[in-house]
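These notes are about the structure you will find just below.
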There are 2 protein chains.
Amino acid sequence: MTTTKATDIGTKTRDGRSTREAILEAASRLIHVHGYNHTSLDDVLRDSGVGKGNFYYHFKSKEELGYAILDQIIASFLERTLEPCFADPEGRALSQIRCFLDRVLEAQRERNCVGGCPLGNLASELSDVHEGFRARLAFVFAAWRERLTLALRTEQLRGAVDAACRPGAVADFLVASLEGAILLTKLTKDIAVMEQCVVEMKRYLSLFEPRV
Amino acid sequence: MTTTKATDIGTKTRDGRSTREAILEAASRLIHVHGYNHTSLDDVLRDSGVGKGNFYYHFKSKEELGYAILDQIIASFLERTLEPCFADPEGRALSQIRCFLDRVLEAQRERNCVGGCPLGNLASELSDVHEGFRARLAFVFAAWRERLTLALRTEQLRGAVDAACRPGAVADFLVASLEGAILLTKLTKDIAVMEQCVVEMKRYLSLFEPRV
DNA sequence: GGTTGTGTACCAACTGGTCAGTACAGATGA
DNA sequence: TCATCTGTACTGACCAGTTGGTACACAACC
């Protein structure tokens, strides 16, 4: 029973990567459910089947694990969520945003209103404790904002977005509204809140349809 | 030195109210700065000069202290923030909301972007852990929403708000946006975010000005 | 008016438990 | 045989909550 993990799973000991990945996998799952502070190291180790000495061989501290998880979430968000929505230079910004809103709404519905936004949750839980966490989270929100801004500005030059639109301000507002809507949905446990917010955000967006 | 508290401060022992108040005062200050989870009972006791046994004489648990603090914040919010803004039945809803937004922006500016919204902070910190906290927070946001809804509906009947406005949805969206904006401002430590969000919220409100 | 009884307010020291992090010995493989 | 991994047992800090007892105001009774 001693060396189960190493032999059973295979690449476990080989390159030293798998152990790290097993930890990351278990930790990101637990942290997503219980939050960073309420996930003890022992929980992560029990779940991943990794010993404590082993953990501290691969990570310097729990904080470093937290950074690794956060970097993972950020990378996934940037590549898997933001990129597919806003990468297409031919896509119409306003439609892309509307589509994005629908995707977020659908994600909330699937999760039954609970859980909230992984980034938003970590943001509010950690931003006022560890400066390192805050900085990373600020970075990803900035990236999100910038991508939105760029999409809007490009469309504006093309005449597909009204001149009254101030891309940076609109981007900030959209991000803020969405995070707030998710927070409120989590709090009230009522998907209707999210639905109504999305409708109103679309109504707001309609302000920037070019005049006919 | 033994009976300092009772004799020096005066009403301390008299009616049993002052000790409780000293605890509440210290706790609400600490919780506002560090959050509920990161405020240990010992911190509160050290700050208030109250012994531990004494604390448990006045409160059943740390959780009960949390509830007391939260009830205090809620009462203050309802009476001191919401009431003065939306109580006047003659006031024009849209102007009242704009005025309210300015007040929130000013408050953020004064606090130097940090701190965030006491209610929003607790909401994101506690809503997925303690059901009791979640329920109370949901209640106060519902009250806020209802007051906004009522103001908008009243104005709508009077013709001062456009028929396209769905008061409940608009109220949800305004609350969500505002909380999100505060959250994002805290995260980025940049008041410009808040300023731009307020501008955009006003632009959104302009959608409901009655057609001339 | 002094003794005795009673409830309130309070304190210091402690308990039981959790947690991040450490020490170290044993295994594994080049 | 030496460096790289890994598991077990431990440490010290911290934290919510408990305990047993003290200080004192106030009342009742003689």
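The chains referred to below are lettered A, B, ... by the order of the sequence lines, with proteins before strands, and numbering in each begins at 1.
- For the pair A:His38 NE2 and C:dT18 P, the interatomic distance rounds to 14 Å; values are reported in whole Å.
- In this structure, A:Phe141 and A:Trp144 have parallel ring planes: the angle between them is below the 30° cut-off, well short of the 60° mark.
- The minimum heavy-atom distance between B:Ile74 and B:Val140, with the atom names listed, is CG2-CG2, 3.8 Å.
- In this structure, A:Asn54 does not reach the D:dC5 phosphate: none of its side-chain N or O atoms is under 4.0 Å from OP1 or OP2.
- The shortest distance between the side-chain N/O atoms of B:His58 and the OP1/OP2 oxygens of C:dC10 is below 4.0 Å.
- A:Tyr57 has no side-chain polar atom (N or O) that falls below the 4.0 Å cut-off from OP1 or OP2 of D:dT6.
- Taking five base pairs at each end of the helix from C:dG1-D:dC30 to C:dA30-D:dT1, the local helix axes there meet at an angle of 20°, rounded to 10°.
- Smallest separation of non-hydrogen atoms from A:Glu200 and B:Arg166: OE2-NH2, 3.5 Å.
- Using bins of under 30°, 30° to 60° and over 60° for the plane-to-plane angle, the ring pair B:Phe208/B:Tyr204 lands in the perpendicular bin.
- A:Leu45 approaches A:Gly51 most closely through the heavy-atom pair CD2-O, 4.0 Å.
- A straight line from CZ of A:Arg20 to C1' of D:dT4 spans 17 Å, rounded to a whole angstrom.
- Under 4.0 angstrom from either OP1 or OP2 of C:dA9 there lies no side-chain N or O belonging to B:Thr19.
- Between the CG atom of B:Leu45 and the P atom of D:dC14 there is a distance of 15 Å, rounded to whole Å.
- Between the CG atom of B:Leu65 and the C1' atom of D:dC15 there is a distance of 15 Å, given to the nearest Å.
- Ion pair A:Glu106/A:Arg103 not flagged as a salt bridge, since none of the NZ, NE, NH1 or NH2 atoms sits closer than 4.0 Å to an Asp/Glu carboxylate oxygen.
- Side-chain contact between B:Thr149 and B:Asp172: absent, with no pair of heavy atoms (C-beta onward) separated by less than 4.5 Å.
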Enumerate the protein-to-nucleotides 17-19 of chain D contacts in which both atoms are nitrogen or oxygen and the separation is below 3.5 Å.
| residue | atom | partner | partner atom | Å |
| --- | --- | --- | --- | --- |
| D:dG17 | OP2 | B:Tyr56 | OH | 2.9 |
| D:dG17 | OP2 | B:Lys62 | N | 2.9 |
| D:dG17 | O5' | B:Tyr56 | OH | 3.3 |
| D:dG17 | N7 | B:Lys52 | NZ | 3.2 |
| D:dG17 | O6 | B:Lys52 | NZ | 3.2 |

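- A cation-pi arrangement is present between A:Lys62 and A:Tyr36 under the rule of less than 6.0 angstrom and at most 45 degrees off the ring axis.
- Heavy atoms only, all atoms of each residue included: B:Val175 and A:Leu184 are closest at CG1-CD2, 3.8 Å.
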